[in-house]
Every structure is written in structure tokens, then in C-alpha cells.
Amino acid sequence: MTPEGISELISRVSLRDRAAFDALYASTSAKLFGVCLRVLGNRTEAEDALQDIYVKIWNKADRFAVADTSPISWLVAIARNHCIDVLRARKLVAAELDQAADVVEPSPNPEQSAVAKGEAQRIYDCLDQLEAARAEAVRAAYLNGDSYEALASRYKVPLNTMRTWLRRSLMKLKECLEG
Amino acid sequence: MSSIPPEDTIPEGDDLIAAEYVLGVLPAEERRAVARRIETDKPFAQLVARWQHHFDPLNEHFAEASAPHYLKSRIDHRLFGTEETQAGIPLWGSVIFWRGLAFAALALAVIGFGRDLIEFPTTEPAPQLIASMAADGSPVRTMAIFDDQTRKLKITVVAGDIPQDRSLELWLIAGNEAPVSLGLLKSPQVTAFDLPQPVAAKLRDGTTLAISVEPIGGSPSGAPTGAVVAAGTVRGI
């Protein structure tokens with residue numbers, strides 16, 4: 001479905017149009033379920049999360065009106081933020097930290113990166129300008145929902161050092177992205 | 001670069017907190033505090049939106065995965081219950097509330113808009129329909145009053161502005177039918193729409209009125225294309 005089509009569905013959902021809600025679910029749930037599975041890494045939690053996310057979408061659809069973003073980005077942001085909230089609410093157990101260290105880092109898919117054009121390409125170019133380990137930490141945080149605590153454990157550095165690292169990386173990223 | 005402090009200090013600032021929120025690295029409590037701030041602090045919310053926009057392209061790495069079929073019916077059950085009930089705000093069904101609003105509207109007409117909004121009944125009161133239109137997160141609040149005798153639908157913008165570079169378009173949605181355009185809102189005070197009989201016939205208890213943001217001159221397609229900034233259900237009083 002085109003972004004315009006999804007925008008229209010969200011607008012109709014804000015009018016309490018249930019047929020539009022069904023269509024919106026049909027055309028976007030696979031993407032959002034993918035987000036849940038990736039961030040939560042657990043099917044049962046991902047299923048619970050997806051239900052909460054669509055309840056939120058139904059209730060917050062009118063906010064899309066004032067959000068200056070593409071509809072699918074808006075939906076993914078709701079899903080990602082919800083999953084990260086769930087993740088942070090979990091007690092961080094040692095097993096999870098160990099597991100975090102074993103996560104095979106998704107290197108940016110070269111095919112997809114090559115397809116990304118213009119503005120979308122920029123984040124990849126700017127990440128490439130960071131040291132490899134730091135760029136990887138940024139990507140792992142965004143895509144896997146890693147916390148500062150998990151990152152510090154993985155890179156075997158104190159929490160404050162991790163925060164300094166990441167914040168400096170973010171400043172360099174910003175200079176590159178907006179410079 | 002000069003704006004990046006020396007290696008041994010932690011860089012500070014709202015922009016970095018916004019970026020950390022978007023990345024998702026903050027611990028639970030800090031994250032909740034930032035989420036609350038986004039709701040109330042608009043400049044800060046804009047920093048968050050900007051970072052989110054920068055990172056949006058990475059979303060392509062979330063591979064699609066079909067959700068099991070039973071999830072959708074669970075969602076529907078949570079939102080709409082088992083019966084075919086109307087998912088509305090109970091207050092809106094209350095006659096007392098609507099009568100109260102009608103008096104408020106009358107008072108508003110007297111104080112703010114003179115006779116523009118409501119023509120005072122001369123002999124016996126004609127049946128009137130009223131709708132309050134609003135949407136969470138949108139500054140626009142409007143009120144609609146329909147006079148069955150004159151077939152005039154009057155809309156007043158109670159709060160919010162009509163944007164300079166866009167048009168606000170009024171829609172009527174009857175049941176499951178496609179939205180019908182009633183025209184553009186022209187004045188921030190009162191815009192009167194003359195409804196042709198077939199359209200007026202559709203305007204009754206339960207019909208939805210909605211206002212969307214459209215390019216100047218109105219929707220090019222004849223259907224709403226922009227965000228809905230206000231909506232409400234028509235009630236008889």
C-alpha cells in the first residue's frame with residue numbers, strides 16, 4: 001500500500017472507522033510484528049506487545065494529524081517505543097546480558113543500503129564515518145533495543161564510559177547528518 | 001570539531017537526551033521521565049521528532065513477519081468488546097450533556113457571535129442538530145449547529161486557527177458511506193453551509209462530521225486526503 005493510502009487509513013481510524021482499522025491492520029501488522037519480534041526476541045511477548053500497539057494506534061490515530069512524518073515511520077515508532085518500554089520494564093537478568101553479547105550483529109544489508117537513496121542513505125554514510133564498534137553500538141541500540149547497561153556489559157566498559165562514548169558518537173552523527 | 005568536548009567529559013544537553021530516547025538506551029525510570037516531557041515540552045518533542053526522522057531509514061532492517069490470526073480478534077475484543085456496540089464516549093450519549101452544551105452554545109452565541117451563530121426562535125423552536133468536533137492532540141475545536149428549517153449548517157471554530165497555507169474541509173460521514181464534502185471553512189468565526197436536500201437528509205442523529213486539512217481549495221480527489229483535525233457525532237436536541 002502507498003504511504004498516501006496508509007495516511008488515509010489512519011485518518012479514517014481517527015474517525016472511529018472500523019473497516020479502515022481492519023485494512024490498516026492487514027497492511028501494516030507484519031511490519032510491526034517484525035519490530036516486536038526483533039526487539040523483544042520472544043514470541044509470546046511480541047504477541048502481547050502487538051495487541052497493545054494496535055490498541056494504542058486506535059486511540060492515538062488523531063495524533064498522526066500533528067506528526068510531521070511518514071505514516072509507516074509513525075507506526076514503527078509507536079511499535080518500537082512500546083517494545084523498548086516493555087524491555088526496560090523487565091528485570092535485567094545476567095542471562096540476558098550474556099545473551100546480548102551473543103547477538104549476531106546485523107551488518108547493514110548491502111543490497112538494501114544500496115537501494116536507500118538520498119536522505120535515507122545519509123544515516124548509513126554518517127554511521128560509516130564513526131569507528132566501527134561505535135557505529136555498531138548505535139545500530140544495536142536502535143534495532144535490538146539494547147540498553148546502556150547491556151551495551152556496557154557487551155563492550156566490557158563502565159556504564160559512564162559507555163554513555164560518554166555513545167553521546168560523543170551521537171554528536172558526531174548529528175554534525176554529519178545536519179552539517 | 002570544537003563543539004565536541006574533550007574525551008573525558010560526558011557531553012550534556014537536551015538534544016542528546018532526545019537522541020538517547022529515540023535510540024532507546026535509557027533505563028526505565030529515565031525513559032518514563034523523558035516520555036512525560038515529550039507530552040508537555042513542545043521544543044523538546046521536536047528534537048525527538050528530528051532524531052527519529054534521522055533514524056527512520058534503519059527501519060528497513062525490521063523484517064516483516066506475519067502475526068498469528070487470533071491476534072486481530074483479541075485486539076477487536078479489547079477495543080470493541082464482543083457485542084456490536086458503538087465505540088464512543090459514554091458522555092456523548094447523554095441527553096443531559098447535549099442539552100447543557102446547547103445552552104452553552106446559546107450563551108456563546110450571545111456573548112461572542114451575536115446572532116451569527118444561532119437565530120433565536122421566533123415562534124416555535126425548529127428541530128436542531130448539534131455536534132462538537134475535536135480530536136486529541138489537535139488544537140482545533142469546533143461546533144456545528146444545523147437548522148432543519150433553513151437547511152443551514154453553521155460551523156464555528158471555538159479554538160485553534162485556520163492555517164494560512166491550507167484549507168480546512170468539512171465532511172459528512174453517514175454510516176459506512178464514503179465521506180461527502182460539504183465545503184471549506186472560510187471564517188474563523190462562523191461559516192454557514194447551505195445543504196442541498198439529499199445531503200441534509202443524511203444529517204441526523206449519529207452522523208459523523210469531520211474536518212480535515214487539505215491543500216488550498218480543498219481535497220483534489222473528492223475524498224479526505226489530509227489529517228483529520230476535528231471530528232464529532234451529530235446529536236438531536
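In what follows, chains are A, B, ... by sequence order, proteins preceding strands, each numbered from 1.
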Exercise. Checking B/S221 side chain against B/A223 main chain: does a donor-acceptor pair fall under 3.5 Å?
Worked result: yes
For this session: Run the salt-bridge test on B/E39 and A/R63 with the 4.0 Å N-O cut-off and return the result as yes or no.
Result: yes
For this session: Using a strict cut-off of less than 4.0 Å between a Lys/Arg side-chain nitrogen and an Asp/Glu carboxylate oxygen, indicate whether B/R78 and A/D52 qualify as a salt bridge.
Result: yes
For this session: Answer with side chain, backbone, both or neither: which region of A/T69 has an atom nearer than 4.5 Å to a non-hydrogen atom of chain B?
Result: side chain
For this session: Kindly determine whether B/L170 and B/L185 satisfy side-chain contact (heavy atoms from CB on, under 4.5 Å), including the steps that lead there.
Result: CA-CA 7 Å; B/L170 179 70; B/L185 261 63; 4.0 Å; yes
Which pairs would a plain distance check flag for residues 29-37 of chain A, meaning a side-chain donor or acceptor within less than 3.5 Å of a matching protein atom at least two apart in sequence or in another chain?
{"unit_1": "A/S29", "atom_1": "OG", "unit_2": "A/Y25", "atom_2": "O", "d": "2.8"}
{"unit_1": "A/K31", "atom_1": "NZ", "unit_2": "B/N59", "atom_2": "O", "d": "2.8"}
{"unit_1": "A/K31", "atom_1": "NZ", "unit_2": "B/F62", "atom_2": "O", "d": "2.8"}

Exercise. Any salt bridge between A/R168 and A/E131, counting N to O under 4.0 Å?
Worked result: no
Problem set entry | Proximal component of A/K60, with respect to chain B [non-hydrogen, under 4.5 Å] | neither
Seminar exercise, completed: If one checks every heavy atom of A/V55 against chain B at 4.5 Å, the contacting part turns out to be both
Problem set entry | Residue selection (most heavy-atom pairs with chain A, distance under 4.5 Å) from B/T225, B/V22, B/V229 | B/V22
For this session: Tabulate, in ascending numerical order, the residues of residues 23-33 of chain B having at least one heavy atom closer than 4.5 Å to a heavy atom of chain A, or enter 'none'.
Result: B/L23, B/G24, B/V25, B/L26, B/P27, B/A28, B/E30, B/R31
Seminar exercise, completed: When the 4.5 angstrom heavy-atom criterion is applied to A/L166 and chain B, the contacting part is side chain
Exercise. Side chain, backbone, both or neither: which part of A/D17 has an atom under 4.5 Å from a heavy atom of chain B?
Worked result: neither
Exercise. Is B/D14 salt-bridged to B/R37, cutoff N-O under 4.0 Å?
Worked result: yes
Exercise. If you tally heavy-atom pairs under 4.5 Å against chain B, which of A/L177, A/I72, A/V76 wins?
Worked result: A/L177
Exercise. Salt-bridged, A/D22 to B/K72, with N to O below 4.0 Å?
Worked result: yes
Exercise. Taking side chain as C-beta onward, heavy atoms only, is B/F44 less than 4.5 Å from B/I17?
Worked result: yes
For this session: Check whether B/A67 gets within reach of chain A through its side chain, its backbone, both or neither, counting any heavy atom under 4.5 Å.
Result: both
For this session: Heavy atoms only, distances under 4.5 angstrom: which of A/R43, A/R12, A/E47, A/M162 has the most pairs with chain B? Name it, please.
Result: A/E47
For this session: Can you tell which part of A/V138 gets under 4.5 Å to a heavy atom of chain B, answering side chain, backbone, both or neither?
Result: both
Exercise. Pick from B/A19, B/P68, B/A35: which one has the most heavy-atom pairs with chain A under 4.5 Å?
Worked result: B/P68
Exercise. Are A/Y155 and A/W165 close enough that their ring centers fall under 6.0 Å?
Worked result: yes
Exercise. Is the number of heavy atoms from other residues, nucleotides or ligands within 6.0 Å of CZ (B/R50) greater than 12?
Worked result: no
Exercise. Do the non-hydrogen side-chain atoms of B/I173 and B/T207 ever get within less than 4.5 Å of each other?
Worked result: no
Problem set entry | Choice from A/L50, A/D85, A/N59 maximising heavy atom contacts with chain B below 4.5 Å | A/D85
Problem set entry | B/H53 portion near chain A, given a 4.5 angstrom heavy-atom threshold | side chain
